[in-house]
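Keep in mind it's a predicted model, so treat the numbers as computed, not measured.
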Amino acid sequence: MKPVRTRYAPSPTGDPHIGNIRAALFSWAFARANGGQFLLRIEDTDQARLVETSVPAIMESLTWLGIDWDEGPGVGGPHGPYYQSQRLPLYQKTALSLIDQGKAYRCFCTAERLDQMRKAQAEAHRAPGYDGLCRDIPRAESDRRANSERFVVRFKMKQEGQTILHDLVRGDIVFENALQDDFVALKSDGFPTYHLGVVVDDTEMEISHTIRGDEWISSAPKHIQLYEALGWEAPVWVHLPLILGPDKKKLSKRSGDVSTLDYRQNGYLAEAMVNFLAFLGWSLDDHTSIVTLEDLKQHFDFARVVPNPAIFDAERLNFLNGHYIRAMSDERWVETVSEWCEQRLPVSVPRPLDFGLIFAIAPLLRERIARLDEIAPMVAFLFSEEPMDYPSEALSEKLGGDTALAVRVLDAALAELDPLDEAEWAKDRIEAAIRAIEAPLAMKLRKFVTVLYVAAEGHAHGIPLFESMALLGRERSLERLRRARAKAQHSL
RNA sequence: GGCGCGUUCGUCUAGAGGCCCAGGACGCCGCCCUUUCAAGGCGGAGAUCGGGGGUUCGAAUCCCCCACGCGCUACCA
């Protein structure tokens, strides 16, 4: 059996989207699980859609997730170059040999004629496809015209019989050859189309399993016949189910798809992303739902990949992200909190940040957030001298809008806290002081404490109050309570 | 229109003839814990396995038809 070699072959037309990256993950996992190799190849054959920043983004996305490649951009390898734009002679040579064998031909049809042809086909309700006008141009005439006219090279698809695709995920799929048309293999700019490109490169790079998305199933007959015509051994075919947006359409910008790197930007962890993507089409067994890159590396198998498309569910990603946040080592968590504070806290906060503070808030944050981008908003109040800006209604929101009560709560808290001096200003003393106002107020702490949360932190969904006030210090804490009191009083 | 793929709780999935009047996870609901919010623990609701025919003693699992969804139908990938 051939050694396992798989590849991720994106076209650099933008940042890699998650559907794409999932194919990379599965290809990588399969290679690793079988002691094989994984390579990266850039299919930059569409000059018009080329986006400069794509390749770095692709590499960055893979690296972020922990997917490494044995050959390809950045690492080189014996089958380079790994950019299709740098392998043009290879495709041209292949196309020419196909012409020589009568298995392909030059097509001189103009875009206008092709348009007209399709329009006529549509009107006549006939299947669209190239009508074969140039199929039988004699070789001598073809050679002569090639000197002065633009042309593409079309591959002669068989017109009878069937082409069978043996797919690892869904079994055999039969296509009627009569329904296939002669596709363009080499474009007039000398670049290959995807069809010629994959076949030539997967062969030359000794790829054992061609793994790609579902949308390629319908063009698989082209590839299969190309392999046959060239006398090359075809790889094992694997077509992965599509990832759909909540609207059940193929994931796109519109349906909420964002580039893989955007997820990092939005506070997702690579582990969560990997775990999430892994279960879009694959499962480990009948009960496991938490899975790491290492598990994938050990157990990934196409036998457990389902053929049906999956809908992207952001709720699940959030859950997984929270899970991995809680699973991090303390050191890494402190480091992460530090980074996200450094990056996301307002510029008005002086840098470098107080590391003691970061260290103190990290454990408080951990159980409370699902995404890293929630960190800065939650703790910003600790870093600024000024109280947070919040609507005065926020103070009494949980009190049913009873602003007068909010004022009384604030007064009571102030009365108990003010006597504490600088040295006594610690979590336990603050807690005792605030609990002491339960009696005079004749209310449970939990009923009125949100007023103090808003006063101190600017919102009612923050990290624990007593610790926060201790970290804030006596002066800033009292000042904020007074400000809140004035604010409430004013809106009475 | 043609061709192709797909169809199990809202979602991701387990299930390859009896273990399934369908299991796990997210989400949802309730209770517990609790200084807010979470997290955590416990429990619950939620799928006549798209519909209809077969085959079989027995079908989510095999066959056929239908419906619906999606993909492809470019000198884009």
Name the residue closer to the 5' end of RNA chain B, choosing between A:Asn308 and A:Lys398 according to the nucleotide with the nearest heavy atom.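 The answer here is A:Asn308.
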So what does A:Ser283 hit on the nucleic acid, given a heavy-atom distance under 4.0 Å: a base, only sugar-phosphate, or nothing?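 Sugar-phosphate only.
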Which is true for A:Thr45 with a 4.0 Å heavy-atom rule: it touches a base, it touches only sugar-phosphate, or it touches nothing?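 The residue A:Thr45 makes sugar-phosphate contact but no base contact.
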State whether [X] places a side-chain N or O below 4.0 Å from either non-bridging phosphate oxygen (OP1 or OP2) of [N].
X: A:Ser219; N: B:C72; value: no
X: A:Lys222; N: B:U73; value: no
X: A:Arg170; N: B:G4; value: no
X: A:Arg368; N: B:U35; value: no
X: A:Arg326; N: B:G40; value: yes
X: A:Lys444; N: B:U34; value: no
X: A:Arg435; N: B:U35; value: yes

Is it the case that B:C72 (base atoms only) and A:Ser218 (side chain only) share a donor and an acceptor within less than 3.5 Å, ignoring hydrogens and angles?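 Such a pair does not exist between side chain and base.
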Suppose we call a contact any N or O donor and acceptor under 3.5 Å apart; does that hold for the side chain of A:Arg118 and the base of B:A74?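 No such pair is found, so the answer is no.
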Heavy atoms from C-beta onward define the side chain here; which of B:C75, B:G10, B:A77 lies closest to that of A:Arg154?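 Among B:C75, B:G10, B:A77, the one nearest the side chain of A:Arg154 is B:C75.
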Closest to the A:Val306 side chain: B:U13, B:G6, B:A77?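 The nucleotide sitting nearest to the side chain is B:U13.
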Can you check whether A:Ile290 reaches A:Asn275 side chain to side chain, under 4.5 Å on heavy atoms?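 Yes; the side chains approach each other to less than 4.5 Å.
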Rounded to whole angstrom, note down the C1' distance from B:C29 over to B:A45.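 Looking at atom C1' only, B:C29 and B:A45 are 7 Å apart.
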Show every salt bridge (charged side-chain N to carboxylate O under 4.0 Å, His left out) that has at least one partner inside residues 300-318 of chain A, sequence neighbours left out.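 Matches after skipping sequence neighbours: none remain.
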Hey, can you pull the residues of residues 454-464 of chain A with a non-hydrogen atom under 4.0 angstrom from RNA chain B?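 Residues of residues 454-464 of chain A that come under 4.0 Å of RNA chain B are, in numerical order, A:Ala460, A:His461, A:Gly462, A:Ile463, A:Pro464.
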What integer distance in Å separates [X]:[atom1] from [N]:[atom2]?
X: A:Arg316; N: B:C12; atom1: CZ; atom2: P; value: 9 Å
X: A:Leu179; N: B:G4; atom1: CG; atom2: P; value: 8 Å
X: A:Arg113; N: B:C75; atom1: CZ; atom2: P; value: 12 Å
X: A:Lys248; N: B:C5; atom1: NZ; atom2: C1'; value: 16 Å

Could you go through residues 448-466 of chain A and list every donor-acceptor pair under 3.5 Å that involves a side-chain atom there, pairing it with any protein atom two or more places apart or in another chain?
from	atom 1	to	atom 2	distance (Å)
A:Tyr453	OH	A:Leu465	N	3.1
A:Glu457	OE1	A:Ile463	N	3.3
A:Glu457	OE2	A:Ser468	OG	3.2

Kindly indicate whether a cation-pi arrangement holds for A:Lys222 with A:Tyr194, taking the cut-offs as under 6.0 Å to the six-membered ring centre and within 45° of the axis.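 No, cation not above the ring by the 6.0 Å, 45° rule.
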